[in-house]
Amino acid sequence: MSDTILEIKDVNRIYKDGENIVEALSNINLSVKQGEFVSIIGSSGCGKTTLLRLIAGLDHPQSGQLLLDGEEIKEPDPLRGYVFQQGSLFQWLTVEQNIAFGLKARRVFKQNKHRVAEYIDMIGLSGFEKTYPHQISGGMAQRVAIARALINDPDVLLLDEPMGALDSFTRADIQDKLLEIRRSNNATMILVTHDVDEAIYLSNRIVVMTPRPGKISEILNIELPHPRHRGGTEFLAIRRNILEKFHMASAEPEPEYSI
């Protein structure tokens with residue numbers, strides 16, 4: 001690991017719902033290093049996605065700072081690639097056109113056109129270049145969404161439960177693809193997930209959040225070497241330990257983990 005790339009300092013986020021005030025995040029402090037994989041877990045409504053949206057520049061805190069490479073995050077930027085839960089592909093564009101979209105929006109497509117084919121090959125979709133989103137599976141669509149975000153060479157890739165709606169085999173395949181991309185590109189990734197096993201399998205660190213108002217209860221280092229075996233003794237011991245810690249940090253509603 002090298003230098004810190006992302007710093008979150010004393011961040012608070014409050015929403016107004018009519019006459020009610022909802023404290024979504026309270027006093028969040030977190031640093032992420034270049035090349036690190038960090039997962040954020042917690043019960044539904046604890047502010048995981050809110051935190052990810054703040055990092056993306058899609059939302060703004062009431063107080064505190066979010067810094068990427070020392071620069072304050074104020075608006076969305078291709079340097080923070082975002083992959084949504086459902087992929088959110090443009091239905092009227094082909095696979096290759098979806099992946100190339102960011103390059104065209106930044107007006108750098110001409111000099112980077114060759115990279116579209118490289119990324120299609122990297123995500124294992126060669127032969128599907130001309131197909132449309134409705135013609136491919138959900139797992140394929142998520143691969144396209146990941147490639148669309150990565151082709152802009154983001155400083156950090158933000159993943160908002162992108163595998164939550166996929167079957168277990170497809171999910172495992174995309175998890176391995178993310179690890180492969182991280183190894184080859186030294187990519188920094190932050191994942192929001194309800195799946196404890198997924199967090200252990202992928203992460204260097206796991207951030208455990210409390211129910212609303214969302215606070216960081218604990219940050220756990222995962223030091224298992226890769227490849228990690230989900231049924232291994234050490235893996236299962238970490239899993240049990242995380243669930244015990246989470247249970248002590250939780251209140252109603254109960255965590256909705258997919259084990």
Side-chain angles (χ1 to χ4, degrees), residues 1-11 25-43 46-56 64-69 73 80-83 154-164 171 174-183 185-211 214-230 232 234-250 255 257-259:
M1 298 295 175
S2 58
D3 296 336
T4 296
I5 188 171
L6 175 68
E7 292 182 89
I8 302 172
K9 299 180 178 181
D10 302 319
V11 162
L25 295 172
S26 177
N27 196 36
I28 300 296
N29 289 276
L30 179 66
S31 296
V32 178
K33 294 181 179 180
Q34 174 66 46
E36 196 172 18
F37 199 119
V38 174
S39 289
I40 304 172
I41 63 174
S43 58
C46 74
K48 301 184 299 295
T49 294
T50 296
L51 180 55
L52 209 66
R53 287 175 57 83
L54 291 174
I55 298 170
Q65 278 188 315
L66 297 99
L67 305 172
L68 186 68
D69 279 335
I73 296 171
R80 280 162 273 122
Y82 200 109
V83 180
D155 289 333
V156 59
L157 181 66
L158 307 172
L159 302 152
D160 190 3
E161 297 191 65
M163 296 157 281
R171 185 184 307 136
I174 294 181
Q175 289 168 358
D176 287 336
K177 182 59 66 176
L178 286 172
L179 289 176
E180 180 184 331
I181 292 169
R182 177 175 166 262
R183 284 193 299 267
N185 294 8
N186 193 33
T188 306
M189 301 186 182
I190 302 176
L191 168 72
V192 162
T193 181
H194 278 99
D195 191 327
V196 174
D197 285 26
E198 180 171 81
I200 299 170
Y201 188 74
L202 292 171
S203 307
N204 301 111
R205 290 189 297 155
I206 297 176
V207 176
V208 181
M209 295 187 65
T210 67
K215 300 178 181 179
I216 294 179
S217 168
E218 191 162 0
I219 300 176
L220 306 171
N221 293 318
I222 308 299
E223 298 178 349
L224 287 178
H226 288 285
R228 295 174 179 173
H229 303 286
R230 302 171 200 269
E234 291 179 279
F235 190 103
L236 293 176
I238 293 171
R239 176 187 185 220
R240 183 167 54 251
N241 184 41
I242 289 175
L243 290 176
E244 287 174 356
K245 289 178 181 293
F246 187 79
H247 178 72
M248 289 189 292
S250 297
Y257 283 132
S258 164
I259 306 299

A.B. asks: Is it the case that the side chains of Asp10 and Asn29 hold a donor-acceptor pair, with the cut-off being a distance below 3.5 Å and no angle test?
C.D. replies: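 Distance-only check passes for Asn29 and Asp10.
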
A.B. asks: To the nearest 0.5 Å, what is the distance between CD1 on Ile206 and CD1 on Ile238?
C.D. replies: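 So the gap between those two atoms works out to 8.0 Å.
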
A.B. asks: Can you name the nearest heavy-atom pair linking Met189 to Ile181, along with the distance?
C.D. replies: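 That would be CE-CG2, 3.9 Å.
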
A.B. asks: Could you walk me through whether Leu51 and Val207 pass the side-chain contact (heavy atoms from CB on, under 4.5 Å) test, one step at a time?
C.D. replies: CA-CA 12 Å; Leu51 180 55; Val207 176; 5.9 Å; no

A.B. asks: Would you please name every residue forming a ring-ring contact (aromatic ring centres under 6.0 Å, His included) with Tyr201, sequence neighbours left out?
C.D. replies: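 None.
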
A.B. asks: What is the distance from atom NE2 of His229 to atom CG of Leu236, rounded to the nearest 0.5 Å?
C.D. replies: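 So the gap between those two atoms works out to 12.0 Å.
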
A.B. asks: Closest heavy-atom contact between Arg182 and Asn204?
C.D. replies: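 Where Arg182 meets Asn204 most closely, the heavy atoms are NH2-OD1, 2.9 Å.
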
A.B. asks: Do you know which of Leu158, Leu191, Leu159 makes side chain to side chain contact (heavy atoms under 4.5 Å, CB included) with Leu52?
C.D. replies: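 Of all the options given, the one that passes is Leu158.
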
A.B. asks: Tell me, please, which residues at least two apart from Glu234 pass salt bridge (charged side-chain N to carboxylate O under 4.0 Å, His left out).
C.D. replies: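 Result, salt bridge (charged side-chain N to carboxylate O under 4.0 Å, His left out) vs Glu234: none returned.
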
A.B. asks: Quick check: closest heavy atoms across Ile222 and Ser203, and the distance to 0.1 Å?
C.D. replies: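 Smallest heavy-atom distance, with atoms named: CB-O, 3.5 Å.
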
A.B. asks: Looking just at side-chain N and O atoms, do Gln175 and Glu198 make a donor-acceptor pair shorter than 3.5 Å?
C.D. replies: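 Distance-only check passes for Gln175 and Glu198.
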
A.B. asks: One thing to verify: whether Lys177 and Glu180 come together as a salt bridge, which I'm taking to mean a side-chain N less than 4.0 angstrom from a carboxylate O.
C.D. replies: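 Yes, charged N to carboxylate O under 4.0 Å.
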
